[in-house]
Amino acid sequence: MMHADPFVFVFTVISVLSGCSLNYEKAKDTESSIPEFIFTNVTFNRYEEGKLTIESSAVKIEQYKKGSATFAQGITFKTFNADRKIETEGYCSLLSADPEIKQYTFFNNIDIVNHKLNLQIFAKNLHWNGETEQLTSGKNDAITLIRDNVTLTGKGFSASAVSNSFKFYGPVSGSIADKENKG
């Protein structure tokens, strides 16, 4: 039977504990991780020159003290043209928005309809750059576009609001629904 030497045990414990130290000089910045404002079941509208340009509502919106980042959960939105007609409307489960630098990232259950282009987009992740007016997905993220009777699904999506064009950089599949002629 083996007996443990109490001196060895105490020395081992002291050695282990002395290797641990707490750094009190680097306190964690809690201001960046705790929201300054939290809004629930809220509606926000944006007006430009007295005209409604964006109408949005969300289940929850968080605004943080540092930076201009805002995070929204369960958000619906509508954009209006100069004639006050709905141009684009949509929904996503989560939104990260930084209006100061015009960067918007949509996550989960994305459904966007552009009435002007008669185009509907379904996706899991999308990024809108307001400076360049580019809508992009991740390289491996699947996007589905529906326009009239054409449905396309592909990966590596990029669209330009400037040129009204889009591209897929990965594999694409699609279908065309033949409309029946009933006379």
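When reading the values below, keep in mind they use all heavy atoms of this one structure, side chains included, and skip hydrogens, waters and symmetry mates.
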**Student:** As an exercise, state the distance from CD1 of I143 to CG of L135, rounded to the nearest 0.5 Å.
**Tutor:**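 CG of L135 is found 7.5 Å from CD1 of I143.
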
**Student:** May I ask you to test the T144-L152 pair for a side-chain heavy-atom distance under 4.5 Å?
**Tutor:**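 Counting from C-beta outward, T144 and L152 never come under 4.5 Å.
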
**Student:** Consider only side-chain heavy atoms of I, L, V, M, F, W and Y, link residues closer than 4.5 Å, and tell whether I121 and V172 are in one cluster.
**Tutor:**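 Same cluster.
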
**Student:** Between N81 (side chain only) and D83 (backbone N and O only), is there a donor and an acceptor less than 3.5 Å apart?
**Tutor:**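 Flag set: sc N81 to bb D83 pair under 3.5 Å.
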
**Student:** Any non-hydrogen side-chain atom of F168 less than 4.5 Å from a side-chain atom of S158?
**Tutor:**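 F168 does not reach S158 side chain to side chain.
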
**Student:** Please report the shortest heavy-atom distance between Y64 and E62, naming the atom on each side.
**Tutor:**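 Looking at all heavy atoms of both residues, the closest pair is OH-OE1, 2.7 Å.
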
**Student:** What pair of heavy atoms forms the shortest contact from N118 to R147, and how long is it?
**Tutor:**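 Between these two residues, the closest heavy atoms are O-CG, 3.2 Å.
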
**Student:** Filter on salt bridge (Lys or Arg N to Asp or Glu O under 4.0 Å), then keep only pairs touching residues 90-111, sequence neighbours left out; what's left?
**Tutor:**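 Found K102-E131.
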
**Student:** Specify the closest pair of heavy atoms between F77 and I112, including all atoms of both residues, with the distance to one decimal.
**Tutor:**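 Heavy-atom minimum between the residues: CZ-CG1, 4.2 Å.
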
**Student:** State the NZ-OG1 distance between K116 and T88, to the nearest 0.5 angstrom.
**Tutor:**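 Nearest 0.5 Å value for the NZ-OG1 distance: 9.0 Å.
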
**Student:** Using the rule that two of Ile, Leu, Val, Met, Phe, Trp, Tyr join whenever any of their side-chain heavy atoms come within less than 4.5 Å, decide whether V42 and F37 are in one cluster.
**Tutor:**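 In one cluster with V42: F37, yes.
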
**Student:** In Å, rounded to the nearest 0.5 Å, how long is the span from CZ of F157 to CZ of F166?
**Tutor:**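 Nearest 0.5 Å value for the CZ-CZ distance: 6.5 Å.
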
**Student:** With rounding to the nearest 0.5 angstrom, report the CD1 to CG distance, I61 to N41.
**Tutor:**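 One gets 10.5 Å once the value is rounded to the nearest 0.5 Å.
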
**Student:** Mind listing the closest non-hydrogen atom pair of Y91 and T76 along with its distance?
**Tutor:**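 Closest pair (atom of Y91, atom of T76, distance): CD1-CG2, 3.5 Å.
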
**Student:** Going hydrophobic residue to hydrophobic residue with side-chain gaps under 4.5 angstrom, can you get from F106 over to L145?
**Tutor:**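 Looking at the clustering, L145 is in the same group as F106.
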
**Student:** Check whether any side-chain heavy atom of K139 sits under 4.5 Å from a side-chain heavy atom of K155, and report yes or no.
**Tutor:**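 Side-chain contact under 4.5 Å: no.
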
**Student:** How far does CD of E55 sit from OG1 of T79, to the nearest 0.5 angstrom?
**Tutor:**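 Here the rounded value is 10.5 Å.
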
**Student:** So, T53 side chain and R46 main chain: donor-acceptor pair closer than 3.5 Å or not?
**Tutor:**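 Answer holds: yes.
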
**Student:** Do L117 and W128 sit in the same hydrophobic cluster, where Ile, Leu, Val, Met, Phe, Trp and Tyr count as joined when their side-chain heavy atoms come under 4.5 Å apart?
**Tutor:**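 Looking at the clustering, W128 is in the same group as L117.
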
**Student:** Pair T136, H127 - check side-chain hydrogen bond (donor to acceptor under 3.5 Å, both in side chains), show working.
**Tutor:** CA-CA 5 Å; T136 57; H127 180 79; 5.8 Å; no

**Student:** Side chains of Q73 and L94, heavy atoms from C-beta outward: is any pair under 4.5 Å?
**Tutor:**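 Result yes, sub-4.5 Å side-chain heavy-atom pair found.
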
**Student:** Of Q120, E87, E89, which is the lone residue that meets side chain to side chain donor-acceptor pair (under 3.5 Å) with H115?
**Tutor:**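 Filter result, single survivor: E89.
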
**Student:** Check which hydrophobic residues are tied to F122 through side-chain heavy-atom contacts below 4.5 Å, counting indirect links as well, and list them.
**Tutor:**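 Members alongside F122: I146.
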
**Student:** Which value, rounded to the nearest 0.5 Å, describes the distance between Y104 atom OH and C92 atom SG?
**Tutor:**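 Going from the OH atom of Y104 to the SG atom of C92 covers 12.5 Å.
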
**Student:** Hydrophobic clusters join Ile, Leu, Val, Met, Phe, Trp and Tyr when side-chain heavy atoms are under 4.5 Å apart, directly or via other members; which others share one with V113?
**Tutor:**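 When side chains under 4.5 Å apart are linked, V113 ends up in no cluster with other residues.
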
**Student:** At their closest point, which heavy atom of L52 faces which heavy atom of Y47, and how far apart are they?
**Tutor:**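 Nearest heavy atoms, L52 then Y47: N-CD2, 3.4 Å.
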
**Student:** Hey, are the side chains of L95 and F107 touching, using non-hydrogen atoms and a 4.5 Å cut-off?
**Tutor:**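 No, too far: nothing below the 4.5 Å cut-off.
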
**Student:** What verdict does the side-chain contact (heavy atoms from CB on, under 4.5 Å) test give for K78 and S56, after you've listed the backbone C-alpha separation in whole Å, the side-chain angles of each residue and the deciding distance to 0.1 Å?
**Tutor:** CA-CA 6 Å; K78 294 177 184 175; S56 63; over 6 Å; no

**Student:** Return the minimal non-hydrogen interatomic distance between A69 and Q63, and the atom names on each side.
**Tutor:**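 For A69 versus Q63, the nearest heavy atoms are O-NE2, 3.3 Å.
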
